[in-house]
Colleague: 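Before anything else, here's the structure in question.
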Amino acid sequence: INPCVFSYSEKNADMLRDFFLETAKRRGYNPEFTNHLIIERENYIIAAVMDESINDEPLVFTGVFADMFSPDFEVITEKIVYPNDKAMLFDLNKIKNDFEIIGTSVRIDAAEISDSRAILDISGAKMRTANIRLRLPFIPSKATLDGKEVNVAYEKTGNTALVTFSNVTGFRKLIIE
C-alpha cells in the first residue's frame, strides 16, 4: 500500500491511527498524540510543531541551550517553537568534557587544548562573518587568527566562548587564550 493513501480521506487516516494504536497497545505502549515531534540524540534536540494538528499550542523548552539555527549559536534559556516552526538545540547542560565544539561555520581540522590555551587549525570558504561557539577548560581573554586579534566573548550562562572573525578561503590557525 502506498502510504499517501491514508491521507486521501478522514476514514483512511482513522483506519491507520486505529491500527497503530492497537499494535502499540499489544506491545505494551500507550502512545499519546501531540502536535509536535521531538528527536533527542546525545546533546542535540530537534523539534518541529505541526500547524495542522490536534491543537495549536507552542512547544516550550527551558534549560541552557545553544540555538543551532542562529548564526552565532546563541545561548538561550528558553525556546518557544510555534506551529509550523522547528528548532535545533544543543543542550549545554549535557556537556561532559572540558572542551566541546558546540557550533561552527568553518571546518575545524585539528584542535590542541590545554588548561589555558586552545589552538585550532581551521579552514573554510570566504564569508563575511564566521562564528565558532565552544566550551573551553578556561575563560578566554583573547583570540588571534593568523597572528591578528579577533573577537572572543565569554558567555557565562552557558559557560561558552564565541569567536567571531571574517574568514578567507584556506587554512588558518586560531589561538584562544
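Residue numbers count from 1 along this sequence.
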Colleague: When you measure from the side chain of D56 to the backbone of P83, do you find a donor-acceptor pair of N or O atoms at a distance under 3.5 Å?
Modeller: no
Colleague: Just one of K25, E32, R27 clears the side-chain contact (heavy atoms from CB on, under 4.5 Å) bar with Y29, so which one?
Modeller: R27
Colleague: With side chain to side chain contact (heavy atoms under 4.5 Å, CB included) as the criterion, how do N97 and F99 come out once you've worked through the C-alpha distance, each side chain's angles and the decisive distance to 0.1 Å?
Modeller: CA-CA 5 Å; N97 304 318; F99 173 74; 5.5 Å; no
Colleague: Should the heavy atoms of other residues, nucleotides or ligands under 6.0 Å from CG of D115 be counted, would the total exceed 12?
Modeller: no
Colleague: Should I113 and I132 be counted in the same cluster of Ile, Leu, Val, Met, Phe, Trp and Tyr side chains packed under 4.5 Å apart?
Modeller: yes
Colleague: Does some side-chain heavy atom of F90 sit less than 4.5 Å from a side-chain heavy atom of Y44?
Modeller: yes
Colleague: Atom CD1 of residue position I39 - does it have more than 12 heavy atoms of other residues, nucleotides or ligands inside 6.0 Å?
Modeller: no
Colleague: Is any side-chain heavy atom of V64 less than 4.5 Å from a side-chain heavy atom of N159?
Modeller: no
Colleague: Considering all heavy atoms of both residues, which atom of F165 and which atom of I122 are nearest to each other, and what is their separation?
Modeller: CZ-CD1, 3.6 Å
Colleague: Thinking salt bridges, do D14 and R17 make one under a 4.0 Å N-O criterion?
Modeller: yes
Colleague: For atom OH of Y154, is the number of surrounding heavy atoms from other residues, nucleotides or ligands below 6.0 Å larger than 12?
Modeller: yes
Colleague: Are M88 and I102 joined in one hydrophobic group, where the rule is that I, L, V, M, F, W and Y side chains link up if heavy atoms are under 4.5 Å apart?
Modeller: yes
Colleague: How about I38 and H36: do any of their side-chain heavy atoms sit closer than 4.5 Å?
Modeller: yes
Colleague: Under a 3.5 Å distance rule, please check whether N131 uses its side chain to pair with a backbone N or O of P71 as donor and acceptor.
Modeller: yes
Colleague: Does V5 offer a backbone N or O that forms a donor-acceptor pair with the side chain of N12 under 3.5 Å?
Modeller: yes
Colleague: Where do M50 and L37 land on the side chain to side chain contact (heavy atoms under 4.5 Å, CB included) test, with the steps shown first?
Modeller: CA-CA 8 Å; M50 296 171 277; L37 301 169; 4.3 Å; yes
Colleague: For N167 and A125, indicate whether the former's side chain and the latter's backbone hold a donor-acceptor pair under 3.5 Å.
Modeller: yes
Colleague: Cluster question for you: counting only ILVMFWY and a side-chain heavy-atom cut-off of under 4.5 Å, with indirect links fine, are V152 and L174 together?
Modeller: yes
Colleague: Which atom names give the shortest non-hydrogen contact between S123 and F171, and what distance separates them?
Modeller: CB-CD2, 3.6 Å
Colleague: Could you tell me if the side chain of I176 sits less than 4.5 Å from the side chain of L134, heavy atoms only?
Modeller: yes
Colleague: Is the closest side-chain heavy-atom distance between V163 and L145 below 4.5 Å?
Modeller: no
Colleague: Kindly indicate whether the side chain of R135, heavy atoms from C-beta on, has any atom under 4.5 Å from the side chain of L92.
Modeller: yes
Colleague: Just checking, is any N or O donor in the side chain of T157 or E155 under 3.5 Å from an acceptor N or O on the other one?
Modeller: yes
Colleague: Using modelled atom types only, decide if a donor and an acceptor are shared between the side chain of T169 and the backbone of K126 within a distance under 3.5 Å.
Modeller: yes
Colleague: Heavy-atom distance under 4.5 Å between the side chains of E100 and N43, does that happen here?
Modeller: yes
Colleague: Is there a side-chain contact between I46 and M68 in this structure, where contact means two heavy atoms from C-beta onward sitting under 4.5 Å apart?
Modeller: no
